[in-house]
Trainee: 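Just dropping this structure here.
Residues: numbered from 1 along the sequence shown.
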Amino acid sequence: MSIPVSIDSLISDHRVEDNRVEYKSGWNPLKVLHSVCAFANDIDNQGGGYIVIGVSEDPDGVATVHGLSDAECKTISNELNKYCSYIEPHYYPVLSFETFRDCRLAVIMVISPNNRPFRCPVSIGGEASKKDTRKAYYIRRLANTVEADGDQQMMLFEMSRAVSFDNTLNISAQVNDIRADLVRDYLNRVGSRLADEEMDTEVYEKMRIVGGSGGFLSPYNVGLMMFTDDPERYFPYARIEVVIKPDPSGNGMTEYTFRGPLDKQLRDALGFIRNNVISERVFKVDYQPEALRYYNYPFPAVEEILVNAVFHKDYMIEQPIEVYVERNEMVIRTYPGPDMSIKDDDISKLNMTSQFCRNRRLGDFFKELHLTEGRNTGMKKIKDSLIRNGSEMPVYETDEKRRFLRVTIPVHESFRVSDDRNGKKETANGRRTPEDVKKGIIEYLRYNGCSPAGEISKALGYRSMTNMFRRCLKELMEEGAVSYLYPESPNDMRQRICLNAR
């Protein structure tokens, strides 16, 4: 049976992150065993991973596909379960043989179950008696499989007690609540060969959207979130509400509700915001050929914040995700707030990373559909798009019990409306002054750290380093606000601009 992703996504287009894919040139039982154990432990809550056999990788990360012979495929098919039986508790991954550019490959799909952590022998076969008979816990660190140390083992046991909600069986629902046409549509969109097979419980089990024991199968919550017409039947208020509120008094307020499978309601809500809320203004300036373009709210930032709201929502809390578009700000509110492991100071500094995830399986489906990127990359995308647009940073707020998260995105200053009695608009003239550029440089470095000058220039919307940008950078250096990382070698290829402490 095929895997629920396309083989292209594992090799050529890198839709699946590099640290979730491991290439092996041939069948090496011990190394494969350790990698299966590491992906099943899933210490970073990435959703497991894939081992692709028949592909070699050089030290620079360049992959070469050479394929496997029929005899090698037969050996892998015969031996994989034998060696995986050494894993404690027992864990058996999914094996699929795929064809990529006329080459036969073996793909081992490892999805992290709820009964982690797992351990396996350090050595097997004749080597065990000669070398090491221990059993160890293995984890992934970057793109490598390593033995977990004491602290990492403790973390694995702590994570085993925190099963993500979407990876829990829903015994109040039935397998036939899953809509086969929605499953097939998803598989077609991600390019999986499973779309060509009959949609039955075997396919659903392989996708881990149903499960159970003793012959009694139930849907996982993620299956009900993604593959039913009305997730609100199982999770009340699992929807997105968008409210357009042009006047603080509420006059002229309009409300829109988006329902359906979570990926559909998310796409529909984002499409509505893009078409009905996002506005652009273009200003021609004298000192450069390119016009300046500003958006009231940069769409990539709005998209990422709303995706995060859907991804991190607790679907046991009967509250919708709310988007309020007001006169001078957009507010996105979800329930509950950030995990308690994230400090208040980190929230205010927009530095929110956590080892724990409420809906990690949902994140896997979203990644395959290009609705989200790799783990902990979203905040950088939000900051960069706001800086590029010349917008202020968002404000993240919650209460001491973390019962909600409210994200406020200020409107760009050229769209700002005054609150005087006449309600006249106060807009900027659209000219980017040297102070604007200097402020943009400082903001970029504050949130991204030491960076190349060309990268900062592009983030501010310039195609290349303009004379104004160079002049502003020079003035900031003279003022002592920024400096070169390598002051003795200004033309060093490794050169970076750094923000000085004040």
Trainee: Heavy-atom count around Asn275 CG within 6.0 Å, excluding the residue itself: above 12?
Mentor: yes
Trainee: Would you please test Tyr138 and His34 for side chain to side chain donor-acceptor pair (under 3.5 Å) and show each step?
Mentor: CA-CA 6 Å; Tyr138 287 89; His34 291 170; 3.3 Å; yes
Trainee: Considering only NZ, NE, NH1 and NH2 on the basic side and carboxylate oxygens on the acidic side, decide whether Glu392 and Arg416 come within less than 4.0 Å.
Mentor: yes
Trainee: Using a strict cut-off of less than 4.0 Å between a Lys/Arg side-chain nitrogen and an Asp/Glu carboxylate oxygen, indicate whether Asp44 and Arg141 qualify as a salt bridge.
Mentor: yes
Trainee: Is the count of non-hydrogen atoms from other residues, nucleotides or ligands lying under 6.0 Å from Tyr295 atom OH greater than 12?
Mentor: no
Trainee: Regarding Arg281 and the six-membered ring of Phe415, is the cationic atom NZ or CZ under 6.0 Å from the ring centre and inside 45° of its axis?
Mentor: yes
Trainee: Quick one: pull up CZ in Phe97 and CZ in Arg104 and give me the separation to the nearest 0.5 Å.
Mentor: 7.0 Å
Trainee: Look at the aromatic rings of Phe311 and Phe366 and report parallel, tilted or perpendicular, splitting at 30° and 60°.
Mentor: tilted
Trainee: For a quick check under 3.5 Å, do Glu329 and Tyr324 share a side-chain donor-acceptor pair by atom type?
Mentor: no
Trainee: Check Arg239 with Glu241, please: is the shortest side-chain N to carboxylate O separation under 4.0 Å?
Mentor: yes
Trainee: Are more than 12 heavy atoms, taken from residues, nucleotides or ligands other than Lys24, located less than 6.0 Å from that residue's NZ atom?
Mentor: yes
Trainee: Begin from the C-alpha positions of Val323 and Val331 and carry the test side-chain contact (heavy atoms from CB on, under 4.5 Å) through to its verdict.
Mentor: CA-CA 6 Å; Val323 182; Val331 178; over 6 Å; no
Trainee: Less than 4.5 Å apart, any side-chain heavy atom of Glu72 and any of Thr75?
Mentor: no
Trainee: Is the backbone of Glu368 close enough, under 3.5 Å, to the side chain of Arg189 for a donor and an acceptor to pair up by distance?
Mentor: no
Trainee: Does a side-chain heavy-atom distance below 4.5 Å link Tyr91 with Val110?
Mentor: yes
Trainee: I need the minimum non-hydrogen distance between Val242 and Phe258, along with the two atoms involved.
Mentor: CG2-CE1, 3.6 Å
Trainee: Is the distance between the ring centroids of Tyr335 and Phe404 under 6.0 Å?
Mentor: no
Trainee: Counting only heavy atoms not in Asp102 (residues, nucleotides, ligands), do more than 12 fall under 6.0 Å from its CG?
Mentor: no
Trainee: side-chain contact (heavy atoms from CB on, under 4.5 Å), that's the test. Do Phe39 and Glu22 meet it? Break it down for me.
Mentor: CA-CA 10 Å; Phe39 280 128; Glu22 181 170 88; 4.2 Å; yes
Trainee: Quick test of your reading of the model: are Arg360 and Asp364 salt-bridged, counting only N-O distances below 4.0 Å?
Mentor: no
Trainee: Give, for atom CD1 of Ile240 and atom CG of Leu266, the distance between the pair rounded to the nearest 0.5 Å.
Mentor: 5.0 Å
Trainee: Got Pro394 and Val407 here, is their nearest side-chain heavy-atom distance under 4.5 Å?
Mentor: yes
Trainee: Using a distance-only test with no angle check, is there a side-chain donor-acceptor pair under 3.5 angstrom linking Arg116 and Asn41?
Mentor: no
Trainee: Report yes if the distance between the aromatic ring centroids of Phe165 and Tyr315 is under 6.0 Å, otherwise no.
Mentor: no
Trainee: With side-chain contact (heavy atoms from CB on, under 4.5 Å) as the test, would you mind laying out the steps for Leu10 and Ile3 before giving the verdict?
Mentor: CA-CA 11 Å; Leu10 299 178; Ile3 52 175; 3.8 Å; yes
Trainee: Charged N to carboxylate O under 4.0 angstrom, Arg101 versus Asp8?
Mentor: no
Trainee: For Trp27 and Glu79, does a side-chain donor sit closer than 3.5 Å to a side-chain acceptor?
Mentor: yes
Trainee: Are Arg140 and Thr145 close enough that a side-chain donor and a side-chain acceptor fall under 3.5 Å?
Mentor: yes
Trainee: Below 4.5 Å, heavy atoms only, C-beta onward: do Met379 and Tyr396 meet side chain to side chain?
Mentor: yes
Trainee: Is any side-chain heavy atom of Ser96 closer than 4.5 Å to a side-chain heavy atom of Met109?
Mentor: no
Trainee: Once you round to the nearest 0.5 Å, how far does OG of Ser112 lie from CZ of Phe118?
Mentor: 6.5 Å
Trainee: Going by heavy atoms in the side chains, are Leu187 and Pro4 under 4.5 Å from each other?
Mentor: yes
Trainee: Supply the atom-to-atom distance Cys120 SG to Tyr137 OH, rounded to the nearest 0.5 angstrom.
Mentor: 11.0 Å
Trainee: Do you know the tightest heavy-atom contact between Ile209 and Val183?
Mentor: CD1-CG2, 4.1 Å
Trainee: How many angstroms lie between OG1 in Thr408 and CZ in Arg333, if you round to the nearest 0.5 Å?
Mentor: 10.0 Å
Trainee: For atom OH of Tyr237, decide whether the heavy atoms of other residues, nucleotides or ligands shown that lie under 6.0 angstrom number more than 12.
Mentor: no
Trainee: Has His66 got more than 12 heavy atoms of other residues, nucleotides or ligands less than 6.0 Å from its NE2?
Mentor: yes
Trainee: Is the shortest distance from a Lys or Arg side-chain nitrogen in Glu303 or Arg274 to a carboxylate oxygen in the other one below 4.0 Å?
Mentor: no
Trainee: Supply the atom-to-atom distance Ile321 CD1 to Gln265 CD, rounded to the nearest 0.5 angstrom.
Mentor: 7.0 Å
Trainee: Verify whether one side chain among Asn221 and Asp166 offers a donor that lies under 3.5 Å from an acceptor in the other.
Mentor: no
Trainee: Please find out if less than 6.0 Å separates the ring center of Tyr204 from that of Tyr220.
Mentor: no
Trainee: So which heavy atom on Cys103 is nearest to which on Gly67, and how close?
Mentor: CB-CA, 3.9 Å
Trainee: If the test is salt bridge (charged side-chain N to carboxylate O under 4.0 Å, His left out), which one of Asp229, Asp185, Asp230 qualifies with Arg179?
Mentor: Asp229
Trainee: Where do Ile409 and Val302 land on the side-chain contact (heavy atoms from CB on, under 4.5 Å) test, with the steps shown first?
Mentor: CA-CA 8 Å; Ile409 314 171; Val302 176; 4.0 Å; yes
